[in-house]
A.B. asks: 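Pasting a structure below so you can have a look.
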Number of protein chains: 2
Amino acid sequence: MSVQLTKGESAEMYIKAIGELTLEEALVPISTLASRLGISPVSATEMVHRIVEQGLVEHERYKGVRLTETGKRRAMLVLRRHRLWERFLTDKLKLPWEDVHDLACRLEHAVGTEVIDALVDFLDEPSSCPHGNPIPNSEGEFEYSDGVQLNTLRQGDEGVILRIHPESRDVLSFLAQKRIKPGAALSVIDVDDFDGLLTISINGVDQIIGQRIASHIVVAA
Amino acid sequence: MSVQLTKGESAEMYIKAIGELTLEEALVPISTLASRLGISPVSATEMVHRIVEQGLVEHERYKGVRLTETGKRRAMLVLRRHRLWERFLTDKLKLPWEDVHDLACRLEHAVGTEVIDALVDFLDEPSSCPHGNPIPNSEGEFEYSDGVQLNTLRQGDEGVILRIHPESRDVLSFLAQKRIKPGAALSVIDVDDFDGLLTISINGVDQIIGQRIASHIVVAA
DNA sequence: CCACGTTTATAGGCTAGCCTAAATAGTTAG
DNA sequence: CTAACTATTTAGGCTAGCCTATAAACGTGG
């Protein structure tokens with residue numbers, strides 16, 4: 001039989017998370033990483049040491065971590081697997097938008113290149129996941145179209161939703177319920193800085209959205 | 001994020017293996033189990049104790065283990081997941097027969113009922129895996145058509161290959177190379193008891209096969 | 001420029017799964 | 001009935017990942 005389990009799955013979670021957080025800041029504090037992964041800062045520090053040893057990340061003491069070239073490539077390949085599974089789960093298995101992220105998190109570590117390459121063929125080489133995030137190619141490269149977070153827009157601004165990032169279950173299910181998806185055109189009707197609420201119009205319907213949710217919505221610049 | 005990994009995957013491997021071995025003998029010795037899983041007898045004993053605690057198996061000291069009703073159901077559901085993934089990998093992703101078993105071993109633990117139910121629909125409710133083994137239904141029930149191991153046949157016997165069981169990479173790749181699959185008609189031309197070799201004719205072609213391989217081929221009675 | 005908050009390190013501990021070596025208990029054949 | 005073999009237990013150890021509590025190092029605002 002011989003099925004080695006668990007070997008380095010955590011490491012993959014770490015570099016994937018670092019890769020995603022790097023989009024916001026070049027140097028990711030370990031504490032940020034820890035809270036993103038729902039792990040104690042001490043444990044995160046330990047793990048960071050391990051993956052530094054493996055040459056996947058660089059650590060600037062008291063500043064944060066950054067992926068090495070090897071690490072970045074590895075992280076992008078995990079993201080690739082994740083987003084391909086998401087496409088499969090939504091397009092082929094017709095599973096709900098808000099479920100596929102968590103499900104893909106479990107599948108992304110399960111199989112390697114052979115299956116993923118076959119999956120790419122099967123899915124006709126998709127270029128983005130159902131939430132609008134680009135799928136890296138087999139070299140780990142991808143293109144990220146410019147956008148700004150919805151919460152930085154002001155009254156009267158208009159745009160088209162590019163993607164939801166980062167993805168998290170509660171945000172996605174909120175958006176699914178409101179039928180807010182990539183591709184939708186929106187305009188900002190009102191910004192309430194005091195309560196941190198935005199009133200926006202999407203597809204002609206007015207919606208009220210909080211800051212936290214808005215920060216996950218990336219709009220074409 | 002919160003993705004619990006590894007939790008009880010080993011236990012699933014154990015009960016799956018016991019379930020498969022139970023077809024041959026009602027009471028599976030721990031040593032048999034251990035060698036099937038490629039694990040030391042001591043470790044297997046430890047794990048057996050754990051799954052006895054969980055009420056999944058019964059252990060008769062010095063005799064062997066047997067699945068409880070709960071355990072049997074759980075084991076069959078793992079087998080179900082395994083075989084459905086095998087079908088997906090061969091039918092949809094066009095991956096080779098001999099690869100899909102090991103790949104499915106990694107996928108079978110990754111996701112639960114939601115994905116599996118959707119997969120069943122997507123695959124049009126298949127009734128067997130690519131190697132001819134039946135896929136249990138969502139209650140863990142299945143039908144096993146009667147058959148005998150090829151190595152028990154004598155000269156002149158004829159039959160149709162029902163399934164390859166148990167599945168293991170080396171056996172499957174040997175058979176793939178020889179194009180021996182379920183559904184093929186065969187007749188036994190010669191049995192060499194001394195060397196343990198069988199000469200059989202499959203689809204009009206003569207093939208020489210060893211005892212070990214033959215014991216994995218189940219032929220319609 | 002120094003106290004305060006943040007970041008990291010140290011120490012000690014836990015669980016799941018695996019390992020080997022050696023002791024013991026049970027089964028069976030001669 | 002006992003020797004030989006097999007099955008199991010005991011003892012001791014390992015790694016990966018996580019934890020808490022505490023201590024030390026750093027960097028920055030007043």
Side-chain angles (χ1 to χ4, degrees), chain A residues 1-18 21-22 24-66 74 78 105-106 108-110, chain B residues 1-18 21-22 24-66 74 78 105-106 108-110:
Chain A
M1 297 290 259
S2 91
V3 179
Q4 270 303 328
L5 302 158
T6 253
K7 199 68 176 187
E9 284 188 22
S10 284
E12 288 195 341
M13 294 297 285
Y14 276 79
I15 59 172
K16 186 182 115 184
I18 297 169
L21 292 167
T22 295
E24 281 134 50
E25 279 166 291
L27 216 46
V28 181
I30 290 185
S31 51
T32 307
L33 184 57
S35 71
R36 160 55 96 86
L37 292 169
I39 274 165
S40 81
V42 181
S43 302
T45 305
E46 271 184 350
M47 188 50 136
V48 162
H49 291 330
R50 279 189 281 248
I51 56 183
V52 164
E53 302 265 286
Q54 293 175 49
L56 298 173
V57 301
E58 288 162 0
H59 181 202
E60 284 189 23
R61 275 163 138 263
Y62 297 95
K63 299 285 180 57
V65 292
R66 178 194 305 117
R74 285 273 291 276
V78 178
C105 278
R106 321 191 125 260
E108 73 193 10
H109 309 291
Chain B
M1 299 287 261
S2 90
V3 180
Q4 270 305 327
L5 302 159
T6 253
K7 198 69 175 186
E9 284 188 22
S10 283
E12 288 196 342
M13 294 297 286
Y14 276 78
I15 59 172
K16 185 182 112 183
I18 296 169
L21 291 167
T22 295
E24 282 134 50
E25 279 167 291
L27 216 46
V28 181
I30 291 185
S31 51
T32 307
L33 184 58
S35 71
R36 160 56 97 83
L37 293 168
I39 276 165
S40 80
V42 180
S43 303
T45 304
E46 270 184 351
M47 188 50 130
V48 163
H49 290 331
R50 268 174 252 170
I51 56 183
V52 165
E53 302 265 288
Q54 293 175 49
L56 299 173
V57 301
E58 288 162 359
H59 182 199
E60 285 189 23
R61 275 164 136 261
Y62 298 95
K63 298 285 180 56
V65 291
R66 178 194 306 117
R74 286 273 291 275
V78 178
C105 277
R106 320 191 126 261
E108 73 193 12
H109 308 291

A.B. asks: Among residues 44-53 of chain B, which residues get a heavy atom nearer than 4.0 Å to DNA chain D?
C.D. replies: T45(B), H49(B)

A.B. asks: Below 4.0 angstrom from OP1 or OP2 of dC19(C), is there any side-chain N or O of S40(B)?
C.D. replies: yes

A.B. asks: Using whole Å, what does the distance between atom P of nucleotide dA16(D) and atom NE2 of H109(A) come to?
C.D. replies: 18 Å

A.B. asks: Once Watson-Crick and G-U wobble pairs under 3.5 Å are found, how is DNA chain C written in dot-bracket notation, 5' to 3', with | for any base paired to another strand?
C.D. replies: ||||||||||||||||||||||||||||||

A.B. asks: Polar pairs (N or O, both sides) under 3.5 Å between protein and nucleotides 3-7 of chain D?
C.D. replies:
| from | atom 1 | to | atom 2 | distance (Å) |
| --- | --- | --- | --- | --- |
| dA7(D) | OP2 | S31(B) | OG | 3.3 |

A.B. asks: Applying side chain to side chain contact (heavy atoms under 4.5 Å, CB included) to L56(B) and I18(B), what does each step give before you reach the verdict?
C.D. replies: CA-CA 11 Å; L56(B) 299 173; I18(B) 296 169; over 6 Å; no

A.B. asks: Check whether any side-chain N or O of S43(B) sits under 4.0 Å from OP1 or OP2 of dC19(C), and answer yes or no.
C.D. replies: yes

A.B. asks: Distance check, rounded to the nearest 0.5 Å: Q54(A) atom CD versus R74(A) atom CZ?
C.D. replies: 7.0 Å

A.B. asks: Going by distance alone, is a donor N or O of one side chain under 3.5 Å from an acceptor N or O of the other, for H109(A) and E9(A)?
C.D. replies: no

A.B. asks: Figure out the CD/C1' separation between E9(A) and dG17(D), and round it to whole Å.
C.D. replies: 12 Å

A.B. asks: Taking only the side-chain heavy atoms of I39(A) (C-beta and beyond), determine which of dT10(C), dC18(C), dC18(D) contains the nearest atom.
C.D. replies: dC18(D)

A.B. asks: Nearest to the side chain of P41(B) - dC18(C), dC18(D), dT8(D)?
C.D. replies: dT8(D)

A.B. asks: Between S10(A) and dC18(D), does any side-chain N or O lie under 4.0 Å from OP1 or OP2?
C.D. replies: yes

A.B. asks: Starting at OH of Y14(A) and ending at C1' of dA16(D), how long is that distance when rounded to a whole Å?
C.D. replies: 11 Å

